[in-house]
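To keep things clear, I will list the structure first and then write my remarks on it.
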Amino acid sequence: EAQVTQNPRYLITVTGKKLTVTCSQNMNHEYMSWYRQDPGLGLRQIYYSMNVEVTDKGDVPEGYKVSRKEKRNFPLILESPSPNQTSLYFCASSALTAKSYTFGSGTRLTVV
Amino acid sequence: SQQGEEDPQALSIQEGENATMNCSYKTSINNLQWYRQNSGRGLVHLILIRSNEREKHSGRLRVTLDTSKKSSSLLITASRAADTASYFCATDAPYGNNRLAFGKGNQVVVIP
């Protein structure tokens, strides 16, 4: 089944403790992206990647890192999480020619 | 920054009625997409309409696009309880490439 897999689904952590949210897709998509969703603010793009080793900042990149060493994986790294990063996070992918996104199921992160 | 803005923000209807929601955008686009999100889950692509198209159908969905008014509408006919969700429009402008700007979403509740 074609899908984007995010892990974990839920995560509660403490301020300052580094964490990684994984994202993997099995559709050979070139484009991958991370969004955060907050009430009243909609979806805001954090980082995106057009292909392997090509990443760029979205609208709200502060406090986040990403890497794209393999085509299928696009992990989101929070080096020193803070409570304002408590949010619902989504990974998405698309083929460069297709334009529509396939989303993962989301990761609900709480930073205390 | 978010470009798509949906209107109305929340809609409550009886099962069997039609649901209409609108989306406006600010800059010229190549395509506009609509997505559905069930509570807290990942977004699911519904339909894409290109800038040279005026109307598109997919099952019970009808999307219109008026590029002169920079607006789109999504009509769900004969709504069902399972249509209860948030609906987002997304445009490829102002970014280009594969980046999408999402609106803040429309909450639709279909009462059985």
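These numbers come from the heavy atoms of this one structure, side chains and all, not from hydrogens, waters or symmetry mates.
Contact check for His45(B) versus Thr102(A): no side-chain heavy atoms found under the 4.5 Å cut-off. Counting only heavy atoms from C-beta outward, the side chains of Leu100(B) and Tyr48(A) never approach each other to under 4.5 Å.
Residues of residues 6-24 of chain A that come within less than 4.5 angstrom of chain B, heavy atom to heavy atom, are Arg9(A) in numerical order.
For Ala95(A), the part lying near chain B is the backbone, with the side chain staying farther off; criterion is any non-hydrogen pair under 4.5 Å. For Leu43(B), the parts lying under 4.5 angstrom from a heavy atom of chain A are both the backbone and the side chain. If you measure heavy-atom distances from Leu96(A) to chain B, the contacts under 4.5 Å come from both the backbone and the side chain. Heavy-atom distances place both the backbone and the side chain of Ser100(A) under 4.5 Å from chain B.
Atom CZ of Arg50(B) is surrounded by 12 or fewer heavy atoms from other residues, nucleotides or ligands within 6.0 Å.
Judged purely by atom type and a 3.5 angstrom limit, Gln37(A) has no side-chain atom pairing as donor or acceptor with the backbone of Gly40(B).
The two residues Asn98(B) and Ser94(A) come nearest to each other via the heavy atoms ND2-OG, 2.8 Å. Closest heavy-atom contact between Leu88(A) and Gln37(B): CD2-NE2, 4.5 Å. Shown here for Tyr101(A) and Tyr35(B), the closest heavy-atom pair between the two residues is N-OH, 2.8 Å.
Under a 4.0 Å N-O distance rule, the pair Arg99(B)/Asp59(A) qualifies as a salt bridge.
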